[in-house]
Amino acid sequence: MQTNLADFIKNTREGKEADDILRKCVHCGFCTATCPTYQLLGDELDGPRGRIYLIKQVLEGKVATEKTQQHLDRCLTCRNCESTCPSGVQYGRLLDIGRKVVEEQVPRSLKQRLIRSTLKTMLPTPWIFKPVMTLGQSVRPLLPKTLQNKVPVRQAAGLWPQQQHPRKMLLLDGCVQPLMSPNINYATARVLNTLGIELIRAPKAGCCGAIRHHLNEQDAALDDMRNNIDAWWPYVESGAEAIVMTASGCGVTVKEYGHLLAHDEVYAEKAQRISALTRDLSEVLPAFETALVGRLQGKLKQRIVWHPPCTLQHGQQIRGKVEGLLKALGIDVQMCADSHLCCGSAGTYSVLQPELSYQLRDKKLHNLLATKPDIILSANIGCLTHLQSGTDTPVKHWVELIDHALTSA
């Protein structure tokens, strides 16, 4: 693709990166075949190729419009297109650059500004989010269905292991997951404790930065990232083996710290180190397959269907690890039709684009439930909450299944 970027961005860091990405695109259109919003809407501008053209026009000097913004807003950032693209176009990064420019050119309505401001302020801030979620869970039966969908039933987390081990790993506790589903991180700590690893939570670590980053508050997101680096660094220097992610949406972001902070003279080197240490849980537990099989072989009889989050299979390009481990443990693991497609959660997307989000959820649940599972398993808090809002079939994080088997063995 030939480019002629406008002077306002041509010689900037973002402009040079966008130019490199745009020049890789060969207009083949393979990406449209795997784009969820294109499949729903059938509009070229609601697929990756069309959005790339829109971004290119804006970066070349054409003034963005509300229509431009609408088409970019409708993107889930699932990055399915990146898995499909034969040319290696980094569409997700190009979208971040394009959205930021469009945000500066197109004023949003008061309603949109209020919603987005609430999301980027409340969700990453525990002292605000905790009382709101606690109240919501207390009165959940009285809430309208739209709010019930966002407020999961309160769950007991159990006990955090107190044993100390020579081997230590850090855990990103996250911002919303400890309040919406605290049992996930506690289950992870118990499983790793059983395997001789002590999981440590850095008290000052917070949101990974994804929420603000994808709401175009990119400078604030970088501050979230710097805060986490500062919180983790003493533990890294003390020999922590890895930084474990139990939410794949956080994991894909932390793995990009090195890229996103490459321009920061103070944090660039540390950010690279943090990204290199970051591991999704599915990259950690398979190394202990033999030990887990020895403890659990024949004790797990459920029929499960595995929903791989987009942030795992496309963002981090991790496939087959969870399924392989669960199968080795004797679990009947099913994959649904179109397992590569997004469930519609996509971070704050289900709040900002509810109509499209729920259409995608219902399509995904139709395919998942067609496998007749006892449980639906996934690996990201957004997917878990979104899918559970549409079915009575239990939707769990995959580590919860292993934890339950180990504690009841």
Side-chain angles (χ1 to χ4, degrees), residues 155-175 177-178 180-203 205 208 228 231-252 254-255 273-297 299-300 304 306 309 311-312 316 318 320-331 377-381 384 396-409:
Q155 301 179 45
L159 298 176
W160 189 275
Q162 299 302 310
Q163 295 95 321
Q164 294 186 338
H165 299 284
R167 298 186 65 183
K168 302 181 191 299
M169 295 183 182
L170 283 163
L171 172 76
L172 173 62
D173 220 10
C175 49
Q177 183 170 287
M180 296 180 73
S181 190
N183 41 303
I184 294 173
N185 287 341
Y186 276 69
T188 302
R190 288 190 291 266
V191 171
L192 288 176
N193 177 66
T194 300
L195 299 169
I197 294 177
E198 182 182 349
L199 203 56
I200 300 170
R201 295 174 292 185
C208 66
N228 284 339
W232 290 328
W233 200 249
Y235 300 95
V236 171
E237 290 187 314
S238 297
E241 294 182 33
I243 305 171
V244 180
M245 301 288 147
T246 56
S248 59
C250 298
V252 71
V254 179
K255 285 184 177 182
R273 177 69 174 142
I274 293 297
S275 292
L277 282 172
T278 300
R279 299 286 184 274
D280 184 80
L281 185 61
S282 65
E283 297 177 289
V284 175
L285 285 187
F288 300 94
E289 180 179 308
T290 301
L292 289 170
V293 168
R295 290 173 176 267
L296 299 177
Q297 185 68 49
K299 296 177 181 177
L300 290 162
I304 71 98
W306 166 242
T311 44
L312 189 69
Q316 298 184 61
I318 297 174
K321 291 186 179 292
V322 175
E323 308 95 300
L325 178 59
L326 295 179
K327 287 178 181 178
L329 296 176
I331 300 172
L377 296 184
S378 194
N380 191 55
I381 183 62
L384 298 171
K396 301 287 185 183
H397 193 289
W398 64 278
V399 76
E400 294 180 86
L401 192 67
I402 295 176
D403 173 57
H404 183 264
L406 286 171
T407 55
S408 60

> Centre of Tyr186's six-membered ring, under 6.0 Å away, within 45 degrees of the axis: is that where NZ or CZ of Arg201 sits?
Replying inline: yes
> Out of curiosity, Asn380 CG to Ser248 OG, how far, rounded to the nearest 0.5 Å?
Replying inline: 4.0 Å
>> Ignoring hydrogens, what is the shortest heavy-atom contact between Ala379 and Pro309? Give both atom names and the distance.
In response: N-CG, 3.7 Å
> Which residues satisfy the side-chain contact (heavy atoms from CB on, under 4.5 Å) test with Asp403, sequence neighbours excluded?
Replying inline: Ala187, Arg190, Val191, Thr407
> Do Leu329 and Leu401 come close enough that some side-chain heavy atom pair is under 4.5 Å?
Replying inline: no
> Where is the tightest heavy-atom contact between Gln177 and Ile381, given as atom of each residue plus distance?
Replying inline: OE1-CB, 3.6 Å
>> Nearest 0.5 Å, please: how far is CG in Leu326 from NZ in Lys321?
In response: 13.5 Å
> Is the side chain of Thr188 donor-acceptor paired with the backbone N or O of Ile184 at a distance under 3.5 Å, no angle test?
Replying inline: yes
> Can Thr246 and Asn185 be counted as having a side-chain donor-acceptor contact under 3.5 angstrom?
Replying inline: yes
> What's the spacing between Gln162 CD and Glu198 CD if we round to 0.5 Å?
Replying inline: 9.5 Å
> If you look only at pairs with a residue in residues 233-246, which of them pass as a salt bridge (Lys or Arg N to Asp or Glu O under 4.0 Å), with sequence neighbours excluded?
Replying inline: Arg167-Glu241
>> Please evaluate residues Trp232 and Leu172 with respect to the criterion side-chain contact (heavy atoms from CB on, under 4.5 Å), reporting the C-alpha separation (whole Å), side-chain torsions for both, the decisive distance (0.1 Å), and the verdict.
In response: CA-CA 9 Å; Trp232 290 328; Leu172 173 62; 3.6 Å; yes
> Under 4.5 Å between any side-chain heavy atoms of Trp398 and Leu285, yes or no?
Replying inline: yes
> Given Glu283, which of Ile318, Thr278, Val244 fulfils the side chain to side chain contact (heavy atoms under 4.5 Å, CB included) condition?
Replying inline: Ile318
> Less than 4.5 Å apart, any side-chain heavy atom of Leu170 and any of Leu277?
Replying inline: no
> Which atom names give the shortest non-hydrogen contact between Ser282 and Asp280, and what distance separates them?
Replying inline: OG-OD2, 2.6 Å
> Excluding sequence neighbours, so at least two apart, what forms side-chain hydrogen bond (donor to acceptor under 3.5 Å, both in side chains) with Asn228?
Replying inline: Tyr257
> Taking C-beta and beyond as the side chain, do Ile197 and His165 meet within less than 4.5 Å on heavy atoms?
Replying inline: no
>> Would you compute the distance between atom NZ of Lys299 and atom NE2 of His404 and round it to the nearest 0.5 angstrom?
In response: 13.0 Å
> Got a second to check how far Ile304's CD1 is from Lys327's NZ, nearest 0.5 Å?
Replying inline: 9.0 Å
> Quick one: does Trp233's side chain get under 4.5 Å of Ile274's, heavy atoms only?
Replying inline: yes
> Which atom names give the shortest non-hydrogen contact between Ser238 and Pro234, and what distance separates them?
Replying inline: OG-O, 2.9 Å
> Going by heavy atoms in the side chains, are Gln155 and Glu400 under 4.5 Å from each other?
Replying inline: yes
> Is the shortest heavy-atom distance from the side chain of Leu296 to the side chain of Ile402 under 4.5 Å?
Replying inline: yes
>> Show the nearest heavy-atom pair for residues Leu281 and Pro286, with the distance to one decimal.
In response: O-CD, 4.2 Å
>> When you measure from the side chain of Ser275 to the backbone of Val254, do you find a donor-acceptor pair of N or O atoms at a distance under 3.5 Å?
In response: yes
>> If I compare all heavy atoms of Trp160 with all of Leu199, which pair ends up nearest, and what's the gap?
In response: CZ2-O, 3.6 Å
>> Any heavy-atom pair between the side chains of Thr194 and Arg295 that's under 4.5 Å?
In response: yes
